[in-house]
Chemist: 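Pasting in a structure now, in structure tokens, and then I'll have a few things to ask.
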Amino acid sequence: MSGTRPARSRNSAIWLQGLACGALLAFASPTALLLAVMLCPAIACTLADTGTDKGMSRAVAAACAAFTLGPLWHLWLALDRMDAAIAILCTPTSVCLAWGAGAIAWALCQVLPVIIRTTWDAREDLRAKSLAAELQTLREEWDLNE
């Protein structure tokens, strides 16, 4: 009996997501179009990320969303009209900023761990060499060479 509960809950969640997407497309098509184009790097990153840790997808989505809020606000001020959405999307600055922020977030998620690990390893090597030199000095002072 407990095995059917998660499947039923998952099916209803999918149904609700479909209902929300249908309502968004029916009643707010310009907003849906703007969000789909501006958040395209986040959507691609989410689809490409097969692992269980979705940290990179969240970072890319947050960066893209940060530069999507301004154009979305301008669209809503223009009464959510399709011509306003297309005008905003035809402005290269708005799309380039959102996509560029997503690209920078992706690059940081790829490069930053490597830089941190390399710095940490170099620092630990330097510390180990310093301790070995100090140990050698103490052995010579106390005449403990074996």
Side-chain angles (χ1 to χ4, degrees), residues 1-140:
M1 193 70 148
S2 65
T4 60
R5 223 171 217 287
R8 188 180 299 168
S9 140
R10 192 173 334 139
N11 287 338
S12 68
I14 291 172
W15 185 83
L16 287 174
Q17 288 174 352
L19 182 66
C21 286
L24 183 66
L25 287 174
F27 300 114
S29 296
T31 298
L33 176 67
L34 184 80
L35 289 175
V37 172
M38 299 289 272
L39 297 176
C40 197
I43 294 167
C45 188
T46 301
L47 293 175
D49 194 6
T50 58
T52 58
D53 181 30
K54 299 287 185 180
M56 186 182 334
S57 297
R58 283 192 297 267
V60 172
C64 288
F67 284 94
T68 301
L69 292 177
L72 186 62
W73 179 253
H74 290 291
L75 175 65
W76 288 345
L77 288 177
L79 303 176
D80 200 26
R81 292 189 333 249
M82 188 60 83
D83 61 333
I86 292 172
I88 290 170
L89 290 174
C90 287
T91 306
T93 308
S94 60
V95 177
C96 287
L97 283 175
W99 286 19
I104 289 170
W106 176 82
L108 285 176
C109 287
Q110 292 292 322
V111 174
L112 206 55
V114 174
I115 292 172
I116 290 171
R117 187 69 178 157
T118 304
T119 305
W120 181 271
D121 289 344
R123 189 171 162 214
E124 289 299 313
D125 287 343
L126 185 63
R127 190 174 189 192
K129 287 178 184 176
S130 171
L131 288 174
E134 186 176 343
L135 182 63
Q136 183 62 30
T137 303
L138 290 174
R139 282 187 176 167
E140 288 173 0

Chemist: Look up atom CG in Leu69 and atom SG in Cys64, then write down how far apart they are to the nearest 0.5 Å.
Modeler: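 The CG atom of Leu69 sits 11.5 Å away from the SG atom of Cys64.
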Chemist: Heavy atoms, side chains only, cut-off 4.5 Å: are Arg58 and Asp53 in contact?
Modeler: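 In short, these two side chains touch, coming nearer than 4.5 Å.
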Chemist: Looking at OG1 of Thr31 and CG of Leu72, how far apart are the two atoms once the value is rounded to the nearest 0.5 Å?
Modeler: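 Going from OG1 on Thr31 over to CG on Leu72, the span is 5.5 Å.
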Chemist: Which distance, rounded to the nearest 0.5 Å, do you find between the CH2 of Trp99 and the CG of Leu39?
Modeler: 11.0 Å
Chemist: After noting the C-alpha distance and the side-chain angles of Cys45 and Met56, does the key distance pass the side chain to side chain contact (heavy atoms under 4.5 Å, CB included) rule?
Modeler: CA-CA 8 Å; Cys45 188; Met56 186 182 334; 4.0 Å; yes
Chemist: Do Met82 and Ser29 come within less than 4.5 Å of each other through their side chains, counting heavy atoms only?
Modeler: yes
Chemist: What's the separation between atom CG in Leu24 and atom CG in Leu33, rounded to the nearest 0.5 Å?
Modeler: 10.5 Å
Chemist: Ignoring hydrogens, what is the shortest heavy-atom contact between Gly102 and Ala63? Give both atom names and the distance.
Modeler: N-CB, 4.1 Å
Chemist: Distance-only, no hydrogens or angles: does the Thr46 side chain make a donor-acceptor pair with backbone N or O of Ser57 under 3.5 Å?
Modeler: no
Chemist: Nearest 0.5 Å, what's the CG-SG distance between Leu25 and Cys21?
Modeler: 7.0 Å
Chemist: Where is the tightest heavy-atom contact between Ala85 and Leu75, given as atom of each residue plus distance?
Modeler: N-CD1, 3.5 Å
Chemist: For Glu134, is the CD atom crowded, meaning more than 12 foreign heavy atoms sit under 6.0 Å from it?
Modeler: no
Chemist: Please walk me through it: do Met38 and Leu89 pass side chain to side chain contact (heavy atoms under 4.5 Å, CB included)?
Modeler: CA-CA 8 Å; Met38 299 289 272; Leu89 290 174; 4.2 Å; yes
Chemist: Given side chain to side chain contact (heavy atoms under 4.5 Å, CB included), test Ile86 with Cys90 step by step and report yes or no.
Modeler: CA-CA 6 Å; Ile86 292 172; Cys90 287; 4.0 Å; yes
Chemist: Drop me the distance from Leu131's CG to Leu126's CG, to the nearest 0.5 angstrom.
Modeler: 10.0 Å
